[in-house]
Protein chains: 2
Amino acid sequence: MNSKKTTIHDIAEKLNITASTVSRALNNNPRISEATKKTVLDMARSLNYQPNNLAAALRKGKSQLIGVIVPTINRAFFSSVIRGIEELANKLDYRVVVSQSNEDVDNEIATLNALINARVDGILVSIGKNTKQFGHYQELIERGIPLVLFDRTTNEISTSQVVIDDFVAGYMATEHLIKQGCKKIAHITNYHKVNIYKERYRGYLEALKDYNIPFEKSLVLEGNMQLEDGRECTKQLIASGEEFDAIFSASDYAAMGAMQVLKEKNIKIPEEVALVGFSNEPFTSFTDPPLTTVDQFPIEMGQAAAELFFEILNSTKKKIIPQKTVLHPELIVRASSLKKGK
Amino acid sequence: MNSKKTTIHDIAEKLNITASTVSRALNNNPRISEATKKTVLDMARSLNYQPNNLAAALRKGKSQLIGVIVPTINRAFFSSVIRGIEELANKLDYRVVVSQSNEDVDNEIATLNALINARVDGILVSIGKNTKQFGHYQELIERGIPLVLFDRTTNEISTSQVVIDDFVAGYMATEHLIKQGCKKIAHITNYHKVNIYKERYRGYLEALKDYNIPFEKSLVLEGNMQLEDGRECTKQLIASGEEFDAIFSASDYAAMGAMQVLKEKNIKIPEEVALVGFSNEPFTSFTDPPLTTVDQFPIEMGQAAAELFFEILNSTKKKIIPQKTVLHPELIVRASSLKKGK
DNA sequence: TTGTAAGCGTTATCAC
DNA sequence: GTGATAACGCTTACAA
């Protein structure tokens, strides 16, 4: 039905030159005269030529495609990181293919294989919460496929990574609450399998220590960091009868759950309980009161990850020394933690 | 550095058979004996063979890749639609490549070309707000590349599409407000270039008419449907001195902006002004009061779009008759529009 | 500056 | 059932 697609051979034929000349002209090869370049380009346009990147990729052994795996794109944080990656990649004429693992290990492996089979030139990944084995990533490195980790990383594979300083972030959040006069600060965190939560927790502990606030194990709640988990943790906390005057949640969603429960119980925020979340998801500025949170600079994170990626890709060395970029977080103070007169 | 990748030729050589047999065995061709299939599969595994989809795609003329273009992935609505598309696509062994147009026409065209050059087997797209020319899409159809539109569609190109019944949605939202006793219902909408906003507006008008409520042009505000625009529109509305007892915003974000301004002016929601948004973005259930909104069943929309897509792809007919799937929206009633005693 | 020819890894077609 | 061969559309030595 549709006329056959134009190839460089069609252009060559029309112009009475060879396909290689056409190829070189289209690729702006310096050894081709400006005159032929122009005629080729014109003919290409008039025949509505669309290069077959597949063929080029096959021939060159590289696809100009880079794969990104994230737990979900349905988070402002991740979609912003992706935008950051795309910015640099597109500038360098690379396309970005995004896949979601949905926090599922099998899915993560399947999606990884699919990307490899699609011959991406490398992969950037934020590891799922439940992924405990990293063999599939280790294999990539051994096969010489560039790999960069971001945000949800692990030290079990030796490759470049980008994170924010989650320790400092946890410290800042806790310190802020302390400076607001809070003395009994609860913390909602994940089972410490994932680096980021472990670090935020360490920051929390360190701040307590530095300000001589006794650590209470009963104030540390563990959950899966979704809204519902935040609700559960907060209900438990209240039911436990344990006194608390602040909650630092390592996730905005869990913080939102906490806010809901506190409001349902008519506990005033921030007067009775101050609240701090994590990630600066857009909705945090819409809540009532607006939620204090930590900005992770996702776009910058994406850019940094892409930079490390292209460093590996363009490296001629056999052995690549893994780099680690650490971004500095920023506390966004809003009404949920601002006590009057402070 | 890494040992050369294994190809079907390597497997063939080891097994003293030909590459074609290997290819057939791997593709589970019925004319290959079970015995050879097994030995080939075993050898493939032990050599850690990874098929080169690029080469297969080049030879077969199809890539098993489908492209999706959305204005932004940073919206729960769009990322859910994408998930819906992926569900069906992955089941059929297709990969989904997502690109963002960022509501920019040039970007939309560039990204479209990039996908075509990457040899996707077809494209699903939600058109950017500012796109007024559709030549680049028309061209696709003429070239026989399957194209499906979803949500942000246009009737200017003759191809399959999936939408929700925005007219009914607009009607339902307005009717709901009327039944709550509202008589002066403002409407925040987009300059009616985009189908969806036009339809929601039509629904608004129709409901007013059916309930004999006089239409007031001054109650219709136009903006770009972001939070800031919602704020602006609401400020204007208040400044105009025009009386109003409800706002129906055709976007959750603009509704959020309206809510902020109303609260800043100490206007009680819903007692003095009832508020309804559109899209059921997750944050709408977090606001105070929670926002009444319209659910668009994004996952179902994605699935429906993928279904129409594969219908076109698998059609052997020269001329494909465009299908249109219309999903039924659902009003999610929350406190922002629920008057006491109703 | 341009042409020739080989090859990237598959699969389709035709043999046997 | 399996083998031989060509071809998908492009790039790139090597030649000229």
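In what follows, chains carry the letters A, B, and so on, assigned in the order in which the sequence lines appear, proteins first and then strands, with residues in each chain numbered from 1.
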Exercise for the section: Report which part of the nucleic acid A:Thr18 touches: base, sugar-phosphate, or nothing (heavy-atom distance under 4.0 Å, all strands). Expected result: base
Problem - Any donor-acceptor N/O pair, B:Ser126 side chain to B:Phe150 backbone, under 3.5 Å - result: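 Flag set: sc B:Ser126 to bb B:Phe150 pair under 3.5 Å.
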Distance in Å, [X] [atom1] paired with [Y] [atom2], rounded so as to fall on 0.5 Å steps:
X	Y	atom1	atom2	value
B:Leu124	B:Leu147	CG	CG	7.5 Å
A:Asn107	A:Ser101	CG	OG	6.5 Å
B:Thr325	B:Leu308	OG1	CG	4.0 Å
B:Glu142	B:Glu139	CD	CD	7.0 Å
B:Ile11	B:Arg45	CD1	CZ	11.0 Å

Does a donor on one side chain and an acceptor on the other come within less than 3.5 Å for [X] and [Y]?
X	Y	answer
A:Glu311	A:Gln323	no
A:Thr6	A:Gln50	no
A:Glu86	A:Tyr94	no

Practice task
May I ask you to test the B:Ile8-B:Tyr49 pair for a side-chain heavy-atom distance under 4.5 Å?
Solution key: yes
Exercise for the section: Taking heavy atoms of chain A and a 4.0 Å limit, find me the 5'-most and 3'-most nucleotide of DNA chain C within that range. Expected result: C:dT1 to C:dG9
Practice task
Figure out the CG/P separation between B:Asn16 and D:dA4, and round it to whole Å.
Solution key: 11 Å
Problem - Footprint string (nucleotides 7-14 of chain D, 5' to 3'): B base within contact, S backbone only, - free, heavy atoms under 4.0 Å - result: BBBBBBBB
Completion exercise
Bend of the helix from C:dT1-D:dA16 to C:dC16-D:dG1 from end-axis comparison, five pairs per end, nearest 10°, comes to 30°
